[in-house]
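Shown next, in structure tokens, is the structure this report addresses.
It should be emphasised that the depicted structure is a prediction, and the values quoted were computed from it without experimental measurement. Note on naming: letters A, B, ... go to the chains in the order of the sequence lines (proteins, then strands), and numbering restarts at 1 for each one. Scope of the values below: all heavy atoms of this structure, side chains included, with no hydrogens, waters or symmetry mates.
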Number of protein chains: 2
Amino acid sequence: MVNNDIKQLDQIFSALSDATRREMLSRLAEREMPVWELAEPFNMSKPAITKHLKVLESAGLMKRSVQGRTHICRLTSSPLSEVADWLAFYEKFWSKKLDGLDEFLTSRKGE
Amino acid sequence: MVNNDIKQLDQIFSALSDATRREMLSRLAEREMPVWELAEPFNMSKPAITKHLKVLESAGLMKRSVQGRTHICRLTSSPLSEVADWLAFYEKFWSKKLDGLDEFLTSRKGE
DNA sequence: ATCATTGTTAACCATAGAGTTAACAATAAT
DNA sequence: ATTATTGTTAACTCTATGGTTAACAATGAT
């Protein structure tokens with residue numbers, strides 16, 4: 001459903017709009033790790049970490065597997081492909097330094 | 001400055017996390033247009049539109065040129081290239097359906 | 001059995017976000 | 001000169017977000 005896609009994009013972009021969460025993804029890109037290890041670089045309380053993880057999880061960017069008392073987190077990158085799809089449409093603009101029709105026309109003045 | 005880049009990414013992702021703003025960008029990708037025309041599809045008060053435009057503008061995704069009483073909006077897509085750069089790092093993961101090291105190992109079990 | 005580790009939940013606070021209405025400013029048209 | 005159009009600002013509401021501390025649950029180690 002298209003409407004779901006929109007909501008999903010909302011969630012994904014929103015999840016990515018926080019530097020802490022982006023760094024979490026970056027760490028998980030290297031390897032999976034338990035919450036306590038993932039949290040190490042962040043000067044932040046445990047509940048704050050829990051919240052960030054929930055955001056990533058409900059955006060589909062992370063999954064966890066519970067092993068005893070530790071939760072192993074791993075990157076699930078597939079939602080990023082939707083961002084890439086969205087972005088692909090705009091690539092022609094910046095790659096050609098072309099921002100809207102006016103600049104296109106401007107760039108053709110000398111032809 | 002790297003710290004500025006982070007803040008800029010925050011702003012860009014945050015600006016993109018709203019469907020209204022994404023649709024605004026989509027409209028501006030076709031051609032530049034005045035605020036009143038850009039606002040047409042949205043069932044929303046004028047001040048709400050103004051706010052969305054400010055968000056896009058301060059994320060660097062839109063610029064305006066004032067012509068009399070109308071403000072002509074145009075897409076400035078260059079910040080999206082930073083999103084693309086950020087995303088490029090993760091492309092290998094989803095393109096190979098590879099989410100973290102464990103799945104990499106799993107995928108090699110049969111070799 | 002007790003204690004330490006790992007992590008979540010609940011309750012709270014402060015700030016930001018998305019929307020509203022009412023009022024205004026500037027320009028254009030009559 | 002008045003009126004209509006285009007858009008912003010101010011002030012307000014409501015909800016979401018990012019953080020905290022305190023308490024708890026579950027597991028593991030001694």
Phosphate oxygens OP1/OP2 of [N]: is one of them under 4.0 Å from a side-chain N or O of [X]?
X      : N       : value
H52(B) : dG19(C) : yes
T50(B) : dG7(D)  : no
S45(A) : dT20(D) : yes
K54(B) : dT9(D)  : yes
H71(A) : dT8(C)  : yes

Checklist outcome for this item: When P34(A) and A48(B) are each assigned the nearest nucleotide of DNA chain C, the 5'-most assignment goes to P34(A)
Checklist entry - Is the closest side-chain heavy-atom distance between S17(A) and D10(B) below 4.5 Å? => result no
Checklist entry - Are W94(A) and L87(A) side-chain neighbours, meaning at least one heavy-atom pair lies under 4.5 Å? => result yes
Next on the checklist: Suppose we call a contact any N or O donor and acceptor under 3.5 Å apart; does that hold for the side chain of K51(A) and the base of dG19(D)?
Outcome noted: yes
Item to check | Quiz item: R69(A) side-chain donor-acceptor pair to dT27(D) base, under 3.5 Å | outcome: yes
Checklist entry - Which of these, I72(A), I49(A), L53(A), sits in a side-chain contact (heavy atoms from CB on, under 4.5 Å) with L38(A)? => result L53(A)
Length of the line joining [X]:[atom1] and [N]:[atom2], which is rounded to integer Å:
X      : N       : atom1 : atom2 : result
M33(A) : dG7(C)  : CE    : P     : 12 Å
M44(B) : dT8(D)  : CE    : C1'   : 17 Å
D10(A) : dA16(D) : CG    : C1'   : 13 Å
I49(B) : dT9(D)  : CD1   : P     : 15 Å
E37(B) : dT5(D)  : CD    : P     : 17 Å
K46(B) : dG7(D)  : NZ    : C1'   : 6 Å
Q67(B) : dA26(C) : CD    : C1'   : 15 Å
F42(A) : dG18(D) : CZ    : P     : 14 Å

Checklist entry - In terms of the nearest nucleotide of DNA chain D, which residue is placed more toward the 5' end: R21(A) or T70(B)? => result T70(B)
Next on the checklist: Side chain of P47(A) only, heavy atoms from C-beta on: which candidate in dT21(D), dG17(C), dG7(D) is closest?
Outcome noted: dT21(D)
Checklist entry - If you check every side-chain atom of S14(B), which of dG7(C), dG17(C), dG18(D) has the closest atom? => result dG17(C)
Checklist outcome for this item: Of all heavy-atom pairs linking S58(A) and Q11(A), the shortest is O-OE1, 3.3 Å
Checklist entry - Which residue pairs pass the side-chain hydrogen bond (donor to acceptor under 3.5 Å, both in side chains) test with at least one member in residues 79-91 of chain B, sequence neighbours excluded? => result Q8(B)-E82(B)
